[in-house]
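Contents: one structure, followed by commentary.
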Amino acid sequence: MHFEDHLDDFVKEFKGNWQKFESFGWSHWRMGIEDPENWGIFYTHNRDSGILDLSNASVFDKEMEPFVEDGTAHSESHNHWGCGWIDGYSVRVVDEDGNVTDAVKKVCELKMALEEYPVLDDSDYSNREYEAAVENISQIAHNFVR
């Protein structure tokens with residue numbers, strides 16, 4: 001499937017997706033979003049995310065930064081008493097003229113990349129694994145010395 005074909009399907013599924021979330025209330029007006037039906041929400045990581053999700057989320061953060069700056073995306077952090085927190089982005093899917101935004105194209109591109117290979121940045125992921133291994137070894141050594 002070509003990117004444009006995938007994008008068309010993604011736009012149909014993503015636009016207004018938050019309206020289908022169960023037990024969900026979105027304070028979109030706080031960000032000045034007056035047409036929330038033209039926005040979608042995707043999540044990158046949560047309280048229980050492991051190294052891979054955190055690594056991929058950091059790539060999403062870097063890639064989404066220009067769209068946050070131009071207002072076609074907003075960083076989101078949602079909380080729930082039962083499951084903790086979940087972070088991601090709200091993204092304008094189409095502009096006032098009905099054109100698909102570059103922000104949603106970027107989300108689609110990143111999601112397609114994850115479908116082909118589960119790591120967005122091998123170097124970042126490897127560094128995080130290394131740091132976690134060193135931390136684990138350090139904790140074990142500390143407990144062993146006691």
Side-chain angles (χ1 to χ4, degrees), residues 1-140:
M1 183 180 288
H2 293 34
F3 177 75
E4 290 301 322
D5 295 330
H6 192 77
L7 179 63
D8 290 341
D9 292 341
F10 181 72
V11 164
K12 288 175 190 168
E13 178 183 318
F14 190 61
K15 185 179 172 188
N17 68 340
W18 59 273
Q19 297 172 41
K20 299 173 189 161
F21 298 171
E22 289 186 36
S23 302
F24 180 77
W26 182 33
S27 304
H28 53 80
W29 63 88
R30 290 184 182 166
M31 294 172 279
I33 296 173
E34 297 177 4
D35 59 344
E37 66 279 357
N38 291 320
W39 289 68
I41 295 177
F42 75 92
Y43 295 110
T44 56
H45 64 292
N46 60 56
R47 176 192 66 189
D48 300 322
S49 289
I51 294 170
L52 179 58
D53 286 340
L54 294 174
S55 175
N56 287 337
S58 73
V59 173
F60 266 97
D61 290 345
K62 290 175 197 164
E63 294 291 327
M64 294 306 293
E65 190 173 313
F67 307 110
V68 170
E69 290 174 4
D70 75 13
T72 55
H74 296 282
S75 179
E76 296 279 349
S77 186
H78 299 152
N79 300 295
H80 186 273
W81 66 268
C83 60
W85 56 267
I86 188 164
D87 287 354
Y89 292 89
S90 54
V91 178
R92 175 178 283 286
V93 179
V94 294
D95 63 19
E96 296 81 16
D97 298 323
N99 300 314
V100 175
T101 66
D102 289 339
V104 84
K105 288 177 183 176
K106 178 55 72 174
V107 173
C108 183
E109 175 187 317
L110 291 168
K111 287 182 66 82
M112 283 180 68
L114 285 171
E115 289 171 8
E116 291 179 27
Y117 184 67
V119 181
L120 291 174
D121 183 338
D122 285 317
S123 224
D124 180 80
Y125 181 54
S126 178
N127 287 338
R128 288 172 189 265
E129 283 187 315
Y130 174 77
E131 290 168 10
V134 168
E135 177 65 25
N136 287 339
I137 291 168
S138 174
Q139 287 179 0
I140 290 168

### Task
Return the set of residues passing ring pair (Phe, Tyr, Trp, His ring centres under 6.0 Å) with Phe67 (not counting sequence neighbours), or none when no residue passes.
none
### Task
State whether the side chain of Trp18 and the backbone N or O of Pro36 hold a donor-acceptor pair below 3.5 Å, judged by distance alone.
yes
#### Entry: Distance in Å, Asp8 CG paired with Lys12 NZ, rounded so as to fall on 0.5 Å steps
6.0 Å
### With Glu129 via side chain to side chain donor-acceptor pair (under 3.5 Å) - residues at least two apart
Tyr125
### Message
Strictly by salt bridge (charged side-chain N to carboxylate O under 4.0 Å, His left out), give each pair with a member in residues 64-76 just once, sequence neighbours left out.
### Response
none
### Query
Between CH2 of Trp39 and CD of Glu34, what distance do you get to the nearest 0.5 Å?
11.0 Å
#### Entry: Pairwise distance OG1(Thr44) to CG(Asp61) - rounded to 0.5 angstrom
6.0 Å
### Task
Check the angle between the aromatic planes of Phe14 and Phe10 and answer parallel, tilted or perpendicular using the 30° and 60° thresholds.
parallel
### Message
Going by the rule side chain to side chain donor-acceptor pair (under 3.5 Å), which residues pair with Asn46 if we only count those two or more places apart in sequence or in a different chain?
### Response
none
### Intermediate values then yes/no, side chain to side chain contact (heavy atoms under 4.5 Å, CB included), His74 and Ile33
CA-CA 10 Å; His74 296 282; Ile33 296 173; 3.6 Å; yes
### Query
Rounded to the nearest 0.5 Å, how far does SG of Cys108 lie from NE2 of His6?
4.5 Å
### Query
For residues 107-116, which residue pairs qualify under side chain to side chain donor-acceptor pair (under 3.5 Å), counting only residues two or more places apart or in two chains?
Lys106-Glu109
#### Entry: Asp97 versus Asp95, closest heavy-atom pair with distance
N-OD1, 2.9 Å
### Task
For Asp35, check salt bridge (Lys or Arg N to Asp or Glu O under 4.0 Å) against everything at least two apart and list the hits.
Arg92
### Task
Carefully, step by step, assess Leu114 and Leu120 under the rule side chain to side chain contact (heavy atoms under 4.5 Å, CB included).
CA-CA 7 Å; Leu114 285 171; Leu120 291 174; 3.6 Å; yes
### Query
Can you tell if the side chain of Arg128 reaches within under 4.5 Å of the side chain of Ser58, non-hydrogen atoms only?
yes
### Task
Please lay out, stage by stage, how Asp122 and Val119 fare under the test side chain to side chain contact (heavy atoms under 4.5 Å, CB included).
CA-CA 6 Å; Asp122 285 317; Val119 181; 3.5 Å; yes
### Non-hydrogen atoms of Gly40 and Val93 that approach each other most closely
N-CG2, 3.7 Å
### Query
Who passes side chain to side chain donor-acceptor pair (under 3.5 Å) against Glu131, sequence neighbours left out?
none
### Task
Decide side chain to side chain contact (heavy atoms under 4.5 Å, CB included) for Leu7 and Val100; before the verdict, give the C-alpha distance in whole Å, the side-chain angles of both, and the deciding distance to 0.1 Å.
CA-CA 9 Å; Leu7 179 63; Val100 175; 4.2 Å; yes
### Task
Sort and list the pairs that fulfil salt bridge (charged side-chain N to carboxylate O under 4.0 Å, His left out) and have at least one residue in residues 40-57, not counting sequence neighbours.
none
### Task
State whether the side chain of Asn56 and the backbone N or O of Pro118 hold a donor-acceptor pair below 3.5 Å, judged by distance alone.
yes
### Query
Who passes side-chain contact (heavy atoms from CB on, under 4.5 Å) against Asp121, sequence neighbours left out?
Val59, Ser123, Asp124
### Query
How would you list, by chain and number, every residue that makes a side chain to side chain donor-acceptor pair (under 3.5 Å) with Gln139, sequence neighbours excluded?
Glu135
### Message
Which heavy atom of Val91 sits nearest to which heavy atom of Val107, and what is that distance?
### Response
CG2-CG2, 4.0 Å
#### Entry: Contacts of Asp87 that satisfy salt bridge (Lys or Arg N to Asp or Glu O under 4.0 Å) - sequence neighbours left out
none
### Query
Just how far is it from atom CG of Asn17 to atom CZ of Phe24, taken to the nearest 0.5 Å?
8.5 Å
### Query
Got a sec, which pairs hit ring pair (Phe, Tyr, Trp, His ring centres under 6.0 Å) with one end in residues 43-62, sequence neighbours left out?
Phe42-Phe60, Tyr43-His78, His45-Trp85
### Query
Can you tell me if Ser27 uses its side chain to pair, donor with acceptor, with the backbone of Arg30 under 3.5 Å?
no
#### Entry: Over all atoms of both residues, closest heavy-atom pair of Thr72 and Ala103
OG1-CB, 3.5 Å
